[in-house]
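Written out below as structure tokens is the structure these notes cover.
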4 protein chains.
Amino acid sequence: MPDGTATKELIGRTALRLFIEKGITETTIRDITSSAGIAVGTLYRHYGSKDELAWELFAESYMTIGRELHGIRIKEATARSKLEAMIRHFCNIFDKDTAMFTYLFLSRHRHLQKLTPRMPNPYIEIRSVINEGIRRGEIPRQDPDVSASMVMGLIMQMIDSRLLGQRIKQSIASLADTTVAASLRVVEA
Amino acid sequence: MPDGTATKELIGRTALRLFIEKGITETTIRDITSSAGIAVGTLYRHYGSKDELAWELFAESYMTIGRELHGIRIKEATARSKLEAMIRHFCNIFDKDTAMFTYLFLSRHRHLQKLTPRMPNPYIEIRSVINEGIRRGEIPRQDPDVSASMVMGLIMQMIDSRLLGQRIKQSIASLADTTVAASLRVVEA
Amino acid sequence: MPDGTATKELIGRTALRLFIEKGITETTIRDITSSAGIAVGTLYRHYGSKDELAWELFAESYMTIGRELHGIRIKEATARSKLEAMIRHFCNIFDKDTAMFTYLFLSRHRHLQKLTPRMPNPYIEIRSVINEGIRRGEIPRQDPDVSASMVMGLIMQMIDSRLLGQRIKQSIASLADTTVAASLRVVEA
Amino acid sequence: MPDGTATKELIGRTALRLFIEKGITETTIRDITSSAGIAVGTLYRHYGSKDELAWELFAESYMTIGRELHGIRIKEATARSKLEAMIRHFCNIFDKDTAMFTYLFLSRHRHLQKLTPRMPNPYIEIRSVINEGIRRGEIPRQDPDVSASMVMGLIMQMIDSRLLGQRIKQSIASLADTTVAASLRVVEA
DNA sequence: AATGAATGAGACTTCATTCAT
DNA sequence: AATGAATGAAGTCTCATTCAT
């Protein structure tokens, strides 16, 4: 029963790789289909347009991470342990699905404005951790948006460094430790 | 009255604005020329191609900032004062020429690999500050590349927050204070 | 229970409607099958191609009308009564199966050259009426092709007016009277 | 001074010919440009799209004829002379620019709904002649819309006969005489 | 220096048709 | 008989670049 699901996944996987390698605009539909070994028309049976393909690839992963961070926030007890678990989770995802994570990182500016408040959202989860930490007296009073941004900045930079890959050769584990430590220092003053 | 220069500057200014608004690939030569009120052919008298225009716009500003940070590094006395002056310098540039800074931020991934080691380079300057700080015992022993990356991450995130402009409404001055403080905490442990 | 026939008719009916609404070229196979609630492959079991479908729909109705007009020509006695009966017959068909008639009207230029002399043909019937009328002295000597064309012109225009529907809101019955009268005046001089 | 006007006219002329020969939808952009001996991009410098090209070709001629009929209506004295002059004018246009007239005839259904009430309009002129004729007692009381439609029907059929060209070989002059006579009979009862 | 009409490769997308199930 | 995923040729349109004026 060739229900097409396998083909759709093949297309998604192939597109992801090419979008990362060359950029979304620079990747043509024919790049994707010939790389995937399918006909052009087949792509359009599964995705309405190139834009829709790019967006679906983004939104799916973005919301998945949002949901996972939400799970961590609920499960862990303290602000410290939540933040640490979240950052380590980012590292795990990066290790397990570098391509997906890289795509999220590189294409976020293109897609961010299409997100609706209802969608699961990693940034909101981090801010909530800080908010709750302040309320419980675990961390000093501070602007939760500024702090959440800075924590995100540290994580993003970790990825940036790996992607450009020129300057930092650390293992992802040691980067995790360093980033956790830095994040806690930034948040706890 | 070298009016060729004025035209070239007009083109550069116009292109910069459009590149930021729509992205480089999404901006057409005709977008630029009609916005600037000139003919298509005129653009090609001043820039060899669209790629060259995008690169020249990037490299010029990137190297200027590199030179300015170099000046700060030489002038200031301590690692602390150097880092603080550098971050405040970034804020000043952002205030004075937001468009240029935004363009650098958004297009860096496209251009970074074209940089040669000989070119003035903001990142190198920050790393040098940390390196020297360690050697003089002003800050603890640490991986200068990791630390420089994290400081850059904080600065980049500040810009990111302003550009997406959804979450942070702080004045750039107050962001400067916060970023300086966070950077020092990250570096000094 | 020959259910293949029912499906074929469903396809024909659906295609007819869409061909009228959007034009033949502008109607896609998928438009037809999804409108009819069947699979694409099913259409091709009943019609060899889209062109064949369009032609079959045309030819079937065109020849039916030709045969009916032939019946009228044989049954009625005078040129006057034949012409009147024929025009009223057109009006009846229009009322009973507007879709089919509209399709004939709109697609005739595309199909007319595929007609062979052997096929039943409404125009030939009208010309024969005029020819016979002249021979019997019922109507003045005149070019039967020109006159038949003009009578067809009046009928076609009646449909045209209804289809574009902007200018004439008369009931089809009252249009019949007027058209009959005008046709007789055109033919009888 | 190659201002491009010549090229635009060349494109229009070529497109008109092909639209008539093959139909609008069936004529491709490449058909037009290779027939005209120009590049694809050149067509798009002069016409925004294929639809716009088809419409511009239609509207221009349609309104010109509307304006010319208006001139006739004002210049001639009686309903009879006006109608006769108008029908002869149609014949003259057909002789002088058969291609344009043919195009108007074949593509009218596609374009008619884009006409606005403000545009010069041949049908309106014919109806006005009948309206005024009734008011002055030159022709009997009758529905001006129905009569105008029937006159248009006779004219259209004359073209139809020439285009399909199978049945009528009369010179356009003799068709004019016949059509004038028939029209007057239709209108004057 | 400036102009802008012309170029044509190449992008995205559609759609009639096939065929394994 | 019916299904619908897959095909790929062909369509429309864009756009960086050139060049005669």
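Computed from a predicted model, the values in this text were never measured in an experiment. Naming: A, B, ... by sequence-line order, numbering from 1 per chain.
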key: Any donor-acceptor N/O pair, C:E9 side chain to C:T5 backbone, under 3.5 Å   = no
request  = Taking B:K8 for its side chain and B:Y47 for its backbone only, find out whether a donor-acceptor pair lies under 3.5 Å.
outcome  = no
inquiry  = Show the nearest heavy-atom pair for residues C:M119 and C:L115, with the distance to one decimal.
reply    = SD-CD2, 3.7 Å
task = Search all heavy atoms of A:D31 against all heavy atoms of A:L18 and return the closest pair with its distance.
result = O-CD1, 3.6 Å
Which whole-number value in Å describes the distance from [X] [atom1] to [N] [atom2]?
X     : N      : atom1 : atom2 : result
B:K22 : F:dC15 : NZ    : C1'   : 12 Å
C:L43 : F:dA1  : CG    : P     : 15 Å
A:D51 : E:dA11 : CG    : C1'   : 13 Å
C:I32 : E:dT17 : CD1   : P     : 11 Å
C:K50 : E:dC15 : NZ    : C1'   : 8 Å
D:E9  : E:dA5  : CD    : P     : 15 Å
D:Y47 : E:dA5  : OH    : P     : 14 Å
D:E26 : F:dT12 : CD    : C1'   : 15 Å

key: Side-chain donor-acceptor pair present, B:T25, B:R110, cut-off under 3.5 Å   = yes
When you check the phosphate oxygens OP1 and OP2 of [N], does a side-chain N or O of [X] lie under 4.0 Å from one of them?
X     : N     : answer
D:T7  : E:dA5 : no
C:H46 : F:dA1 : no
A:T42 : F:dA5 : no
A:R45 : F:dA6 : no

ask   = Which class fits the ring pair D:H109 and C:F105: parallel under 30°, tilted 30 to 60°, perpendicular over 60°?
value = perpendicular
query = Is the D:W55 ring parallel, tilted or perpendicular to the D:H111 ring (thresholds 30°, 60°)?
reply = tilted
Would you indicate which nucleotide in [options] comes nearest to any side-chain atom of [X]?
X     : options                : result
C:T28 : F:dT17, E:dA16, E:dG8  : E:dA16
D:V40 : F:dA9, E:dG8, E:dG4    : E:dG8
A:Y44 : E:dC12, E:dG4, F:dG8   : E:dC12
D:I29 : F:dT12, E:dA16, F:dA16 : F:dT12

ask   = Start at the 5' end of DNA chain E and walk down; is the nucleotide closest to B:R30 or to A:I24 reached first?
value = B:R30
note = Judged by nearest nucleotide, the residue sitting upstream toward the 5' end of DNA chain E, A:G41 or B:I38, is B:I38
Categorize [X] for me: base, sugar-phosphate, or nothing, with a 4.0 angstrom heavy-atom threshold over every strand shown.
X     : value
B:S34 : nothing
C:T33 : nothing
D:T25 : nothing

task = Whenever both distances are under 3.5 Å in a Watson-Crick or G-U wobble pair, mark it; put DNA chain F into dot-bracket that way, with [ ] for crossing pairs and | when the partner is on another strand.
result = .||||||||||||||||||||
query = Side chains of D:T33 and D:T42: closer than 4.5 Å at any heavy-atom pair?
reply = no
